[in-house]
Amino acid sequence: MTKTIISCAITGAVHTPTMSDYLPVHPDAIAEQAIAAADAGAAILHLHARNPANGAPSVNPDHFELFLPWIKQATNAVINISTGGNPVMTVAERLPAALAFRPEMCSLNMGSMNFALHPLAGRYDTWKEDWEEDYLRSSEDNIFRNTFADIRMIATQLGNDEYQVKFEHECYDVGHLYNLKFCLDQGLFQTPIFIQFVMGILGGISAELENLLFMKQTADKLFDNDYQWSVIGAGAQQMRMAAVAAQIGGNVRVGLEDSLYIAHRQMATSNAQQVAKIRRILEEQGHTIATPDEARTILGLKGAEKVAF
């Protein structure tokens, strides 16, 4: 049986400080939770940065610098830096950290979408930080842009022979799989590709088992055996979708970027808690968890020694 890769998305750009006291928004907390998640079994750490002053999503390389070397020194995990930034940033604004640090992997959204967070604002009456409410409500009228030209630019700048970054191709709907197929046929990416089915975000495909199977069947048709895949079940569907995905040959992603909970109405106290839970579920199902070096081999990564941090 192929070994199963666990990715952990540590902080992201969706959830805000008011939503959970356990969400890591300070660089020290991001580093500590990332290291603990790796110790718990995460082979890949998907990382965003936050402004240390107020916890707002940041793409400033100086903010990444506060935790990347620390994590690399303390773990052997694959570092995956976001090129998504947050939904209100331009594509050019999202790239400086990836260009500066040349990680083994970067996320790459495979299409533009209405990445809508505004319903979350209605759940809170008071806020820890003054930026949070407007940040969420403004997403109702925002398009998270990733055009074919944007995708080509990112692929050209990061996927070349100098940088050798491999991508986690984030597909929020079936059409994004067809976008990826087109880009692959255009020579923008090399196999094996790594696809992340992102399910449960308003504006994308819902996190339902029928949709997971349809995404998998479509990817099989388009990419045959030239891909690896994983699934994100946003919110309450996180563990359920991950458990099913592993049973049909997929890898899994958990983390406080994707869900703030560990069980029904029970807040997760850390990223490592979610990693430990999905690891237990997978091992009880009979799966063997991939080490970081095994993940590097499966995904064809360049190796930690070739990053710039």
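A quick note: this is a predicted structure, and the numbers were derived from the prediction, not measured.
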Exercise. Write down the atom of G41, the atom of I6, and the distance for their closest heavy-atom approach.
Key: O-CB, 3.9 Å
Self-check item: Atom pair CG (D28) and CH2 (W70), whose distance is rounded to the nearest 0.5 Å
Solution: 4.5 Å
Quiz item: Ignoring hydrogens and geometry, is there a side-chain-to-backbone donor-acceptor pair from N114 to A116 under 3.5 Å?
Solution: no
Self-check item: Inter-residue atom distance H26.NE2 - N51.CG, 0.5 Å rounding
Solution: 10.0 Å
Quiz item: Are the aromatic rings of F144 and Y172 close, with centres under 6.0 Å apart?
Solution: no
Exercise. Could you go through the side chain to side chain donor-acceptor pair (under 3.5 Å) check for E168 and S107 one step at a time?
Key: CA-CA 5 Å; E168 172 201 3; S107 62; 4.9 Å; no
Quiz item: Any donor-acceptor pair under 3.5 Å linking the side chain of R145 with the backbone of V91?
Solution: no
Exercise. Could you name each residue pair satisfying ring pair (Phe, Tyr, Trp, His ring centres under 6.0 Å) that touches residues 243-263, not counting sequence neighbours?
Key: none
Exercise. Output the distance between atom CG (L188) and atom CZ (F167), rounded to the nearest 0.5 Å.
Key: 9.5 Å
Quiz prompt | Remaining members of the apolar cluster that contains V78, side-chain heavy atoms under 4.5 Å | solution = I5, I44, M105, F194, I298, L299, L301
Quiz item: So, the side chain of S112 versus the backbone of N146: is there a donor-acceptor pair under 3.5 Å, distance only?
Solution: yes
Quiz item: What's the spacing between E257 CD and H15 NE2 if we round to 0.5 Å?
Solution: 8.5 Å
Self-check item: Worked check of side-chain contact (heavy atoms from CB on, under 4.5 Å) between T18 and E129
Solution: CA-CA 8 Å; T18 295; E129 302 290 347; over 6 Å; no
Quiz item: Which atoms form the tightest heavy-atom contact between A38 and T75, and what is the distance?
Solution: CB-CG2, 3.9 Å
Self-check item: Donor-acceptor contact below 3.5 Å, side chain Q238 vs main chain G233
Solution: no
Quiz item: Under 4.5 Å between any side-chain heavy atoms of L95 and M153, yes or no?
Solution: yes
Quiz item: Is L184 reachable from F197 through a run of hydrophobic residues whose side-chain heavy atoms are each under 4.5 Å from the next?
Solution: yes
Self-check item: Nearest heavy atoms of L177 and F223, plus distance in Å
Solution: O-CZ, 3.5 Å
Self-check item: Donor-acceptor contact below 3.5 Å, side chain N271 vs main chain I10
Solution: yes
Exercise. Kindly check if the number of other-residue, nucleotide or ligand heavy atoms within 6.0 Å of CD (E283) is above 12?
Key: yes
Practice problem: Could you tell me whether a side-chain N or O of N251 sits under 3.5 Å from a main-chain N or O of W229, the two making a donor and an acceptor? | Solution: yes
Quiz prompt | Sub-4.5 Å side-chain heavy-atom contact between L260 and L23 | solution = yes
Exercise. Show the numbers, then the answer: is there a side chain to side chain donor-acceptor pair (under 3.5 Å) between D220 and Y227?
Key: CA-CA 9 Å; D220 286 344; Y227 80 104; 2.6 Å; yes
Exercise. Start with the C-alpha gap between F214 and Q217, add the side-chain angles, then the distance that decides, and say whether side-chain contact (heavy atoms from CB on, under 4.5 Å) holds.
Key: CA-CA 5 Å; F214 184 53; Q217 290 165 358; 4.3 Å; yes
Exercise. Mind listing the closest non-hydrogen atom pair of A100 and A308 along with its distance?
Key: O-CB, 3.6 Å
Quiz prompt | Exam field: side chain Q33 to backbone S270, donor-acceptor pair closer than 3.5 Å | solution = no
Quiz item: So L222 and Y178, side-chain contact (heavy atoms from CB on, under 4.5 Å) or not? Walk me through it.
Solution: CA-CA 8 Å; L222 294 175; Y178 286 89; 3.7 Å; yes
Self-check item: For M89, the rest of its hydrophobic cluster, which grows through side-chain links under 4.5 angstrom
Solution: V59
Exercise. Could you walk me through whether D173 and M113 pass side-chain contact (heavy atoms from CB on, under 4.5 Å), step by step?
Key: CA-CA 9 Å; D173 216 329; M113 63 178 295; over 6 Å; no
Self-check item: From I30 atom CD1 to L47 atom CG, the distance as rounded to the nearest 0.5 Å
Solution: 8.0 Å
Quiz prompt | Nearest atoms (heavy-atom pairs only) where P17 meets V25 | solution = CG-CG1, 4.3 Å
Self-check item: Test item: Y124 and L136 side chains (from C-beta on) under 4.5 Å apart, heavy atoms
Solution: no
Self-check item: Test item: N179 and F148 side chains (from C-beta on) under 4.5 Å apart, heavy atoms
Solution: yes
Self-check item: Atom CD of Q73 with >12 non-hydrogen neighbours under 6.0 angstrom
Solution: no
Quiz item: When you measure from the side chain of N160 to the backbone N and O of Q157, does any donor-acceptor pair fall under 3.5 Å?
Solution: yes
Exercise. Return yes if some donor-acceptor pair links the side-chain N/O of K3 with the main-chain N/O of E294 below 3.5 Å, else return no.
Key: no
Practice problem: Using a 4.5 Å cut-off on heavy atoms from C-beta on, say whether the side chain of P57 contacts that of H48. | Solution: no
Quiz prompt | Expected output: side-chain N76 to main-chain P292 donor-acceptor under 3.5 Å | solution = no
Exercise. Side-chain contact test, heavy atoms from C-beta onward, threshold under 4.5 Å: evaluate it for N80 versus S7 and give yes or no.
Key: no
Exercise. Report, as yes or no, whether the 6.0 Å neighbourhood of atom CG on D185 holds more than 12 heavy atoms from other residues, nucleotides or ligands.
Key: yes
Quiz item: More than 12 non-hydrogen atoms from neighbouring residues, nucleotides or ligands closer than 6.0 Å to CD on Q190, yes or no?
Solution: no
Quiz item: Can you get from F115 to L202 by hopping between Ile, Leu, Val, Met, Phe, Trp and Tyr side chains that sit under 4.5 Å apart?
Solution: no
Quiz prompt | Approximate separation, where rounding is to 0.5 Å, of Q285 CD and R280 CZ | solution = 10.5 Å
Self-check item: Nearest heavy atoms of T83 and L108, plus distance in Å
Solution: OG1-CA, 3.8 Å
Exercise. Evaluate whether atom CD1 of I143 has more than 12 neighbouring non-hydrogen atoms of other residues, nucleotides or ligands under 6.0 angstrom away.
Key: no
Self-check item: Side-chain touch K216/V231, heavy atoms, less than 4.5 angstrom
Solution: no
Quiz item: Taking it one step at a time, do S139 and N142 satisfy side chain to side chain donor-acceptor pair (under 3.5 Å)?
Solution: CA-CA 5 Å; S139 69; N142 180 63; over 6 Å; no
Self-check item: Co-membership, hydrophobic cluster, residues V252 and M215, 4.5 Å side-chain
Solution: no
Quiz item: Checking salt bridge (charged side-chain N to carboxylate O under 4.0 Å, His left out) against E104, which of K302, R296, K306, K72 comes through?
Solution: R296
Practice problem: Could you tell me whether the side chain of M199 reaches within less than 4.5 Å of the side chain of N211, counting heavy atoms only? | Solution: yes
Exercise. State yes or no: do V198 and L256 share one hydrophobic cluster built from I, L, V, M, F, W and Y residues joined by side-chain heavy-atom distances below 4.5 Å, directly or via other members?
Key: yes
Quiz item: With ring centroids as reference points, do H169 and F189 lie under 6.0 angstrom apart?
Solution: yes
Quiz item: When clusters are formed by joining ILVMFWY residues with side-chain heavy atoms under 4.5 Å apart, either directly or through shared neighbours, do F64 and I79 land in the same one?
Solution: yes
